[in-house]
Every structure is written in structure tokens, then in C-alpha cells.
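Numbered from 1 within each chain, the chains take letters A, B, ... in sequence-line order. It should be emphasised that the depicted structure is a prediction, and the values quoted were computed from it without experimental measurement.
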2 protein chains.
Amino acid sequence: MAELSRRRPTIRDVARLSGVSISTVSVALNTPGSASPATRERVVRAAAELGYQPNATARSLNLRRAGSIGLMVPDLSNAYFVNIIAGVEREARDRGYLLVVGATDWQTAAEEQYSSLLRTQRLDGVIVSSGSGLPPASLLELVSVEPVVFVDERVAGFDGHFVGVDNRRAARVAAAYLFGLGHRRIGIIGGPLGLWTADQRLAGYREAAVAAGLDPDSIPLVHGDYQIASGSRAAAQLLADDDARPTALLVANDMMAVGAIAHCRDAGLDVPGDLGIVGFDDIPTASLMTPPLTTVRQPGRELGIAAARMLLDLVDGREPERSVTLPADLVVRGSALPPKGGV
Amino acid sequence: MAELSRRRPTIRDVARLSGVSISTVSVALNTPGSASPATRERVVRAAAELGYQPNATARSLNLRRAGSIGLMVPDLSNAYFVNIIAGVEREARDRGYLLVVGATDWQTAAEEQYSSLLRTQRLDGVIVSSGSGLPPASLLELVSVEPVVFVDERVAGFDGHFVGVDNRRAARVAAAYLFGLGHRRIGIIGGPLGLWTADQRLAGYREAAVAAGLDPDSIPLVHGDYQIASGSRAAAQLLADDDARPTALLVANDMMAVGAIAHCRDAGLDVPGDLGIVGFDDIPTASLMTPPLTTVRQPGRELGIAAARMLLDLVDGREPERSVTLPADLVVRGSALPPKGGV
DNA sequence: ACGGCTGATCGAACCGGTTCGATTCCCCAT
DNA sequence: ATGGGGAATCGAACCGGTTCGATCAGCCGT
């Protein structure tokens with residue numbers, strides 16, 4: 001109720017109250033064992049009495065350290081990215097950093113906007129999960145002089161610090177699983193053209209097709225945008241032709257798989273009975289869906305932790321690995337079975 | 001490639017290059033029409049040539065404005081809170097603020113930890129969605145002197161700025177719907193004891209029971225913690241007694257509803273055939289679940305936007321409404337039907 | 001031709017800390 | 001008694017901006 005607008009106490013006030021100089025207060029408070037026990041005691045008591053808290057902005061200014069890092073993700077509605085956020089947040093907090101998060105909604109413009117914040121030195125570094133595949137011009141400029149770590153999505157033609165999984169291998173395994181089940185007529189819902197993860201996953205799917213003796217170019221393919229609605233649309237397209245309808249779908253991420261399943265439900269198709277579906281990411285709800293989604297598990301939280309660790313090492317001047325690859329494995333649940341005709 | 005460790009240009013460098021004083025540079029860059037066109041031109045050119053970006057930390061220091069706000073949420077794995085984040089992020093960015101997010105994992109300790117950051121003046125204000133119901137001591141201290149807005153969850157015995165919904169009414173409507181369907185033996189999975197939202201929803205459920213001519217104290221009630229696993233556990237408890245098994249469950253949030261449904265699936269109970277379920281929140285996946293979840297829709301994103309708006313108004317010295325209540329309505333989908341025996 | 005007014009520019013103080021070199025004081029060895 | 005060394009403390013510079021009062025031209029009217 002009281003003291004609404006009283007000025008916050010500064011180090012000056014503490015100095016005055018404890019009868020020592022400003023620099024002594026600073027030393028007494030920050031460098032243990034460097035002030036005499038008696039002064040330290042007096043200073044601490046004065047600080048407590050005034051409720052003094054050092055001004056972090058002022059400290060940042062001459063320490064040239066903001067104490068916070070940034071994280072750009074393309075989409076907050078995708079729980080996989082939220083997992084990454086959770087990991088980064090955790091690691092950042094553990095190491096005393098604040099986390100600024102920015103959602104770019106898959107737009108380069110927003111990426112550009114957030115990137116420029118780095119230049120104004122409000123952030124010690126940034127972790128980027130690109131949604132456009134295009135390196136924001138302003139970001140690339142900075143990458144040589146300021147810590148930047150890419151996570152999940154690699155940016156075209158640029159090999160900076162990176163944390164992710166072997167998308168190609170994981171996709172190959174997923175596709176091979178479907179072929180192993182006996183599926184021959186499959187369809188692919190790919191990610192956005194030009195995105196590294198999308199390209200890699202597609203390449204993996206095709207490798208498995210070749211290994212199974214199929215012509216990869218003959219596989220029906222529709223590109224989505226990694227969001228739910230596009231999964232429904234893509235599924236609708238792929239399943240339009242009743243005669244040559246695929247018996248299974250490889251979907252480049254779980255969000256689109258959710259959309260595809262929703263479409264099937266609306267269209268009266270049974271998953272996995274009429275159509276097998278394999279996703280990618282393993283979002284937290286994947287195991288709770290009906291049917292539980294067979295998908296490739298990406299360790300989102302761990303990726304976030306690893307990325308934060310890498311970035312903060314960079315910030316602290318250590319030289320971490322240039323690239324970290326975490327395992328991504330197929331987790332078989334109930335959304336894909338052998339095709340109806342039998343093997 | 002080059003100029004790896006070259007010092008960032010400061011206003012001083014711009015002044016030197018353009019041959020004017022530091023203050024003139026500052027004025028020319030920030031106060032349009034206050035410097036002569038010629039100087040302005042020279043300054044701008046010099047700034048561009050050097051790639052000068054003003055140091056935001058230094059600016060913050062004498063403007064006493066951090067340019068960022070904080071948001072504490074209890075749980076990143078709950079998409080409802082993520083919706084709130086998305087709304088806050090959007091509004092903050094639109095108004096030129098950065099958003100620092102902190103996940104407290106339902107722990108007062110973490111809330112306390114984040115709260116104290118406010119005192120160090122790195123944040124201009126904070127939006128809090130409490131996960132403990134307990135006002136962090138350090139936060140309460142500050143609330144009278146620093147902008148704080150509570151969202152979704154109200155803190156015990158404290159009536160600061162708040163954005164949320166009428167939980168009681170919404171819960172009453174949800175319960176009334178179930179009674180209207182003909183259910184008489186229902187069970188309740190409540191939220192954590194002591195949380196305002198949990199109390200309110202419970203109160204609403206009971207009011208509807210009374211209105212339906214039932215003794216609210218006779219309704220089986222198990223408290224969960226708003227997380228998935230507890231929903232499964234609670235459902236298991238409530239459904240244990242085969243003879244007096246409820247025909248429907250009122251679940252205080254969607255995450256627990258997800259858990260409850262998963263339990264039913266594992267236990268061989270059909271939802272909605274054997275058991276109706278009504279949730280609360282309307283997380284984005286609710287409509288995509290099988291069956292699609294009947295639940296109370298809380299406009300998470302809008303709550304976030306409203307909270308950010310309120311906080312930033314507070315920061316800007318305007319005096320916003322003390323409390324904003326957004327509508328929360330039942331959205332009927334497929335997880336509850338009339339009980340098997342008929343009405 | 002000169003005083004006064006206006007607009008552009010400048011110097012200095014300030015925001016709130018950290019840090020470094022200088023100073024003071026005390027104690028002990030010579 | 002005196003000089004040297006070390007610990008505690010201090011003053012001042014600095015981080016990189018903003019802002020305010022002072023200064024300085026240039027131009028006007030009379």
C-alpha cells in the first residue's frame with residue numbers, strides 16, 4: 001500500500017547508509033573475502049535494510065553480457081517445438097540466463113525482425129529453428145561475430161553450429177518399416193519444399209523405396225507446410241483416386257499426420273485398417289491418439305538442452321562441437337499394420 | 001569471414017566519422033526534424049557505413065525501461081498455456097517488447113526464482129499464471145510498485161490485475177449439459193486443491209448438481225494435478241467400483257481428460273459409449289481426438305493478448321481495467337452422449 | 001550597424017553499476 | 001626509529017547512450 005513511488009535504492013544509497021564508498025560496496029557485495037569482515041557486515045546490513053537489489057541493466061552495460069539468450073521457433077502450435085523450448089528454457093535457467101522466445105509463424109520477415117535484436121546487444125546469443133529455410137540476411141551477417149546455434153532445421157548452404165537428428169536415416173527406417181509390413185502402394189506427405197528437414201526426410205523415404213525395389217519417382221507425393229490443415233488437404237489429394245489408393249502414408253511430421261488422420265475419420269476411412277500412417281517427431285500426444293501414432297521420435301527436449309548448452313558454451317568463450325546429432329528412432333505403435341490383402 | 005573480433009561501433013565512432021558531437025548524433029538519429037537536414041544526412045550515412053546499431057542496454061539504463069516483459073506459466077506441456085504464450089508473444093512483439101518466458105513446473109520455488117528477476121529491473125513487468133496458488137512472497141512485495149498481471153489463475157486472497165474467464169459459470173454450464181443429457185451418476189476429476197480455478201470449477205459443477213436435484217456431496221470426487229498422468233489415475237479410481245460406476249466424468253481440464261480417455265481405452269471402456277467425458281480448456285488437439293472432446297473452450301490466445309495489453313498499458317502508465325473476463329463456452333463434440341440406459 | 005531572436009550544435013551531467021590504479025594505514029622486520 | 005609490504009578503502013574512469021542548459025552563428029527588423 002505505502003511507498004508506492006519511492007525510488008529504488010541504488011548502490012549509492014547503500015554506500016551512504018553504511019558510510020563507505022561506492023566501490024567498497026560493490027567489492028564487499030561481489031568479491032567475497034576482499035573486504036574486511038566488519039565492512040562487509042555493515043554493507044550487507046545496509047543493503048538488506050534498504051532492500052537493495054543491484055540494477056541488472058547497469059551491470060550488463062559494463063560487463064557486456066545481457067544475461068539472456070533468444071530462441072526463435074516457427075510455430076508454437078506444434079508441440080515438438082514447444083518441447084525444444086522447454087529444453088532450452090530449462091538449461092538456460094540452470095545456467096542463470098533468461099530466455100526470450102520468439103515465434104516466427106514460418107515467416108522470414110519475423111525471423112528478420114527478431115534477428116536484428118541481436119545486433120542491439122540485448123541478447124548474448126540466439127538459437128534458431130528456422131521456418132523458412134532461408135537464412136535471414138541480418139542473421140547471417142552476424143553469425144561470424146555473434147553466437148548462433150541452429151536447432152532442428154538446417155539453413156540452406158550454411159554450416160554453422162547445429163543440433164539435430166539424422167533425418168535421412170530416420171526417415172529411411174520409417175519407410176523401410178512400412179515396406180517391411182508389406183505395403184507397396186504408399187503415398188508421401190512431404191514437408192515444405194526447400195526446408196532441409198523436408199528434403200532429408202524425403203530423400204530417406206526414397207532410399208528405402210529403392211531398397212524395396214520400387215521406383216521412387218512413381219510414389220505419389222504432396223507437399224504440405226508442416227501444419228495440421230495441410231495434412232488434411234494432402235491426404236485428401238493422395239486418397240482421391242479410389243482405384244489406386246495407397247495402403248499407407250509416410251507423413252513428414254506429426255502435425256500433418258494428425259491432419260491426415262482427421263481427414264480419414266471424416267472420410268470414413270479406418271486408420272490403420274484401411275490406411276497405415278507413419279509420422280515424424282513424436283509429439284507428446286502421439287501416443288494418446290486413436291490409434292496411437294507410429295512415428296519417428298525426435299528428442300525435442302534433449303535437442304533444446306543440447307542447443308542451449310552449445311550456445312552457452314559459445315557465449316562463455318568455450319569452443320563446443322560444431323555439430324551435435326542426437327538419435328531419432330522409430331517408435332512402433334498402432335497407426336500402421338500390414339496391408340489388408342495380406343503380405 | 002573477416003572482422004571477427006572488431007569492436008562494435010558506438011555512437012562515438014559515428015560522431016567521429018561524421019564530424020559532429022555525440023549529442024548531435026543522438027539527436028539526429030532519434031529526434032526527427034531537430035537536426036539540420038545536412039547533418040542528419042551525414043550522420044545517417046556514417047551510421048550506415050559503420051553498421052552502427054545503438055546499444056539497447058545503454059539506452060535502457062537511462063530510459064529506465066527494459067523493453068521486455070516476463071511471462072510465467074506452470075507447464076509447457078499443456079497446450080492451453082502455450083496458447084496463452086502465443087497471444088502474449090504476439091501482442092508484446094507488436095508493441096515492441098521482447099518476451100521472456102519462464103516455466104515454473106507447478107513449483108512455488110521456480111515462481112519465486114523468476115519473481116526476483118523483476119526486482120533486478122530487467123523486466124518492465126510480468127504476467128503470471130500461477131501454478132501453486134500461492135503468491136510468491138517476493139512477487140507480492142512488488143505488486144504495489146511494479147506492474148504485474150495475473151492470467152488464468154487467480155492468486156489466493158489477492159486482487160491485483162487479472163485476466164481470465166468465469167470458471168464457475170462455465171463449469172456449471174458443462175455440468176448442466178451432462179445432467180441435461182440424462183446422466184445421474186457422474187464423477188468429478190478436480191484440479192489441485194487450493195487453486196482458484198479448481199475451486200471455481202468444482203463450485204460450478206456442484207451448483208449444477210444441486211440444480212439437477214442431486215446432493216453434491218454424494219458425487220465421487222478425485223483431485224488431480226492438471227497433468228495427464230493424474231487424469232489416468234483419477235479415472236482409474238473413479239471407475240474402480242463396477243457396480244456404481246459413473247456414466248460420465250466432469251474433468252477440470254483437458255490434459256486430465258486426455259489421461260482419463262487413455263485410461264478408458266486401456267481398460268476397454270468405450271468413450272462415449274460406456275462413459276461420457278467433458279473437459280475444460282479446449283486445447284487445440286481436443287477437436288482432433290477420438291472421440292472429439294466435448295469441453296469448455298477457454299480462449300487462450302485471446303487471454304494472452306488481453307493480459308499483455310493490460311500489462312503494457314500499466315507499463316506505459318495508463319490505467320487499464322482492473323479485471324477482464326473473457327467468455328468461456330461449452331463446445332459440444334463427441335465425447336459425451338446420453339447414458340446407455342436412455343434418459 | 002547593431003541588438004535580439006531563433007535554430008543548430010556542443011559539452012557535461014547522468015543512468016547505476018564495475019574496475020583499476022592510487023592512497024592510506026598498520027604491522028613487522030631490520 | 002624507520003622503511004617496506006600488504007590489506008582495506010577510495011576516487012575516478014568507464015560502459016554507451018540521453019538530455020538539458022549553454023554557446024554560437026546567422027538573420028531579422030529598426
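Between B:Ser26 and B:Ser23, the side chains place no donor N or O within less than 3.5 Å of an acceptor N or O (distance only, hydrogens not considered). No hydrogens or angles considered: nothing links the side chains of B:Tyr80 and B:Asp75 as a donor-acceptor pair under 3.5 Å. A donor atom on one side chain and an acceptor atom on the other are not found under 3.5 Å apart for A:Tyr52 and A:Thr10.
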Start with the C-alpha gap between A:Arg8 and A:Asp13, add the side-chain angles, then the distance that decides, and say whether salt bridge (Lys or Arg N to Asp or Glu O under 4.0 Å) holds. CA-CA 9 Å; A:Arg8 268 211 175 68; A:Asp13 301 315; over 6 Å; no
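Using cut-offs of 30° and 60° for the angle between ring planes, the A:Trp196 and A:Phe162 rings count as perpendicular. Classified by interplanar angle (parallel below 30°, tilted 30° to 60°, perpendicular above 60°), the ring pair B:Trp106/B:Phe81 is perpendicular.
Of the residues in residues 35-43 of chain A, A:Ala35, A:Ser36, A:Thr39 come within less than 4.0 Å of DNA chain D through at least one heavy atom, sorted by number.
Legend: salt bridge (charged side-chain N to carboxylate O under 4.0 Å, His left out) pairs involving residues 26-54 of chain B, not counting sequence neighbours, sorted by first then second residue: B:Glu41-B:Arg45.
Scanning for ring-ring contact (aromatic ring centres under 6.0 Å, His included) contacts around B:Tyr97 gives an empty result, with sequence neighbours left out.
Note on the helix from C:dA1-D:dT30 to C:dT30-D:dA1: terminal axis deviation equals 60°, with five pairs used at each end and the result rounded to 10°.
Here CZ of B:Arg90 is found 4.5 Å from CG of B:Asp94. Values are rounded to the nearest 0.5 Å.
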How does each nucleotide of nucleotides 13-20 of chain D score, in 5' to 3' order, for protein heavy atoms under 4.0 Å: base (B), sugar-phosphate only (S), or none (-)? --BBBBB-
Tabulate below the donor-acceptor pairs under 3.5 Å that side-chain atoms of residues 56-69 of chain A make, not counting sequence neighbours, or state none.
from, atom 1, to, atom 2, distance (Å)
A:Ser60, OG, A:Ala56, O, 3.0
A:Ser60, OG, A:Arg65, O, 3.0
A:Arg64, NH1, A:Asn62, O, 2.6

